[in-house]
Amino acid sequence: MTDATSPWLALLVGALVTYLWRGLGVVLSGRISPDGAAIQWVGCVAYALLAALVARMIVLPSGALAEVALWVRLAAATAGAVAFLSLRGNVVAGVAAGVATLSLLHGLG
Amino acid sequence: MSDVAGPTGRRAVAARAVREAIGLPAIVLGASYLGFGSVVREGGMTLTQGLVSTATAWALPGQVVLVELWALGASVLAMALAVALTNARLFPMTVSLMPLLRHDGLRGWRLYVLANFVAVTGWTFTMRRAPEMPVADRSVYFLAFATTIWLASLACTAIGFVLAGAVPRSVALGLVFLNPLYFLLLFAAEARAPARALALGLGALAGPPLHLLSPDWGLMAAGVVAGTGAFVGMRIAARRKASA
């Protein structure tokens, strides 16, 4: 891989690109429909990209999570989902259950 | 406009917004930013850099994408495109919010400042509340609500960063796991809309193999390929339904 990028350059690029959408939204608000075909496509791409990231972070993590066994990561994700669904969509409970499961199983292992 | 609310009216609107923000929205967002703070530390960035990210590019998925790709050593172009695609949803959100906020006393640069606070939670609440409010109160509500949860995000970025270095290793790893898990649960809630479910499913399948193919571009490729697939699938299904 190439030489490491300066973190500040990465942050600057991230901020500019993020503001670009918000600024463009002000410019074009009232002139275009927020539910046209192009915007639907962009929405699909954004969801797919985030799902790809989440799947990759759970199945093939880089960095710190790579220390955790695959079965522990999968068990923690399952515990979080079960808590979330059985408590009628309580995100805080689901996240807490998953995080606690990962910490416990990894700590014991 | 002559019916612009006086200072007491505005203060009451702002107070209501802060009250509604401090509760579930601040707790959920705060918890997810605890995770981001620990991702920042484990990714090799400093506390200041994490805070700058939350201050200037406040939108969690894009922030996580940026730190992850930076830690992998991805190129600037790859980071820019991946963050742009991840945060593209901010565009339709801003397009739909601004007409509700805009009035004679609020236009020009002020709208561009407000736009920097467009993110999912504040947008959802304001879109729900604004139609029942006088026009002049809406931007007050939006700004008070959004800055409250933005400040909570900043505080929790710092707390998460510090915690990740202070707790036992297995707990720190749990914190790093918080963000992917949080997004996973949001997906479970979103998956009722078929187009989104398709985009999420295809993206999850494409993500790991394309990452193995290219750590630099795999994420973006997965988003474009799976997202386009879901979009085309949705159009075909809609056409079938229309002709049936």
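Proteins come first, then strands; the chains are lettered A, B, ... in the order of their sequence lines, and each starts at number 1.
- In terms of non-hydrogen atom pairs under 4.5 Å with chain A, the most contact-rich of B:Ala55, B:Ser96, B:Ala80 is B:Ala80.
- When each of A:Ala81, A:Ala10, A:Gly107, A:Ala46 is checked for heavy-atom pairs under 4.5 Å with chain B, A:Ala10 comes out on top.
- By number of non-hydrogen pairs under 4.5 angstrom with chain B, the leading residue of A:Thr18, A:Leu108, A:Leu28 is A:Thr18.
- A:Leu9 touches chain B through its side chain: at least one heavy atom from C-beta onward sits under 4.5 Å away, while N, CA, C and O do not.
- Residues B:Thr48 and A:Trp8 are in side-chain contact: their nearest non-hydrogen atoms beyond the backbone lie under 4.5 Å apart.
- Neither the backbone nor the side chain of A:Ala100 has a heavy atom closer than 4.5 Å to any heavy atom of chain B.
- Note on A:Pro61, A:Ala37, A:Gly43, A:Gly89: by heavy-atom pairs under 4.5 Å with chain B, the leading option is A:Ala37.
- For a residue to count as touching a neighbouring chain, one of its non-hydrogen atoms must lie under 4.5 Å from one of that chain's; by this rule B:Ala88 touches chain A with backbone and side chain alike.
- Contacts between A:Ile39 and chain B at a heavy-atom distance below 4.5 Å involve the side chain alone, from C-beta outward.
- The two atoms that bring B:Val65 and B:Ala82 nearest to each other are CG1-CB, 3.9 Å, heavy atoms only.
- Heavy-atom pairs under 4.5 Å with chain B peak, among A:Leu20, A:Leu85, A:Val59, A:Leu24, at A:Leu24.
- Using a 4.5 Å heavy-atom cutoff, the side chains of B:Trp150 and B:Leu154 are in contact.
- Only the side chain of B:Val52 comes within contact range of chain A, judged by heavy atoms closer than 4.5 Å.
- Residues B:Phe177 and A:Ser103 form no side-chain contact, since every pair of their non-hydrogen atoms from C-beta on lies 4.5 Å or further apart.
- Of the two parts of B:Tyr112, the backbone and the side chain both hold a non-hydrogen atom closer than 4.5 Å to a non-hydrogen atom of chain A.
- With a 4.5 Å cut-off on non-hydrogen atoms, A:Ala96 does not touch chain B at all.
- Side-chain atoms of B:Val118 and B:Phe142, non-hydrogen and from C-beta on, do get closer than 4.5 Å to each other.
- When the candidates A:Cys44, A:Ala15, A:Ala55 are compared by the number of heavy-atom contacts under 4.5 Å with chain B, A:Cys44 comes out ahead.
- Most heavy-atom pairs under 4.5 Å with chain A, from the set B:Pro208, B:Ala226, B:Ala230: that is B:Pro208.
- In this structure the side chain of A:Ser62 never reaches within 4.5 angstrom of the side chain of B:His211, judged on heavy atoms.
- Aromatic ring orientation, B:Phe91 versus A:Trp21: tilted (interplanar angle from 30° to 60°).
- Of all the heavy atoms in B:Gly62 and B:Thr86, the pair that sits closest is N-CG2, 3.8 Å.
- Summarising the geometry of B:Ala78 relative to B:Leu69, their closest heavy-atom pair is O-CD1, 4.2 Å, with the distance given to 0.1 Å.
- At a 4.5 Å heavy-atom cutoff, A:Thr78 makes no contact with chain B through either its backbone or its side chain.
- Side-chain contact between B:Tyr33 and B:Gln63: present, with at least one pair of heavy atoms (C-beta onward) separated by less than 4.5 Å.
- Contact of the B:Leu114 side chain with the B:Ser139 side chain is registered, since non-hydrogen atoms from C-beta on lie closer than 4.5 Å.
- Proximity to chain A is absent for every atom of B:Ala31, based on heavy atoms less than 4.5 angstrom apart.
- Side-chain contact annotation: A:Ser29 with B:Arg102, donor-acceptor N/O pair under 3.5 Å present.
- Proximity to chain B (any heavy atom under 4.5 Å) is restricted, for A:Phe84, to the side chain, taken from C-beta onward.
- Heavy atoms closer than 4.5 Å to chain B are found in the side chain of A:Val13, but not in its backbone.
- Proximity to chain B involves both the backbone and the side chain of A:Ile32, based on heavy atoms less than 4.5 angstrom apart.
- Annotation: the span from B:Ser153 atom OG to B:Leu29 atom CG amounts to 4.0 Å, rounded to 0.5 Å.
- Ranked by heavy-atom pairs under 4.5 Å with chain B, the first of A:Ala77, A:Gly94, A:Gly80 is A:Ala77.
- Of the listed residues B:Val167, B:Leu205, B:Leu85, the one with more heavy-atom pairs under 4.5 angstrom with chain A than any other is B:Leu85.
- Of the listed residues (B:Gly207, B:Gly203, B:Gly35), the one with the most heavy-atom contacts under 4.5 Å to chain A is B:Gly203.
- If you measure heavy-atom distances from B:Met93 to chain A, you find no contacts under 4.5 Å at all.
- Side chains of A:Leu50 and B:Phe187 form a contact here, defined as non-hydrogen atoms less than 4.5 Å apart.
- Using a 4.5 Å cut-off between heavy atoms, B:Leu202 does not touch chain A at all.
- Remark: side-chain polar atoms of B:Arg138 are paired, donor with acceptor, to backbone N or O of B:Leu100 under 3.5 angstrom.
- If you tally non-hydrogen atom pairs under 4.5 Å between each of B:Leu212, B:Thr56, B:Leu173 and chain A, the highest count goes to B:Leu173.
- With a 4.5 angstrom heavy-atom cutoff, A:Val17 touches chain B only via side-chain atoms.
- The two residues B:Ala152 and B:Ala26 have their closest heavy-atom pair at CB-CB, 4.4 Å.
- With chain A as the partner, the residue from B:Ile27, B:Leu200, B:Asn116, B:Val67 showing the most heavy-atom pairs under 4.5 Å is B:Asn116.
- If you measure heavy-atom distances from B:Leu175 to chain A, the contacts under 4.5 Å come from the backbone alone.
- Only the side chain of A:Val68 comes within less than 4.5 Å of a heavy atom of chain B; its backbone N, CA, C and O stay farther away.
- With hydrogens and angles disregarded, a donor-acceptor distance shorter than 3.5 Å links the side chain of B:Trp70 to the backbone of A:Thr5.
- Contacts of B:Gln49 with chain A are made by both backbone and side-chain atoms, with heavy-atom separations under 4.5 Å.
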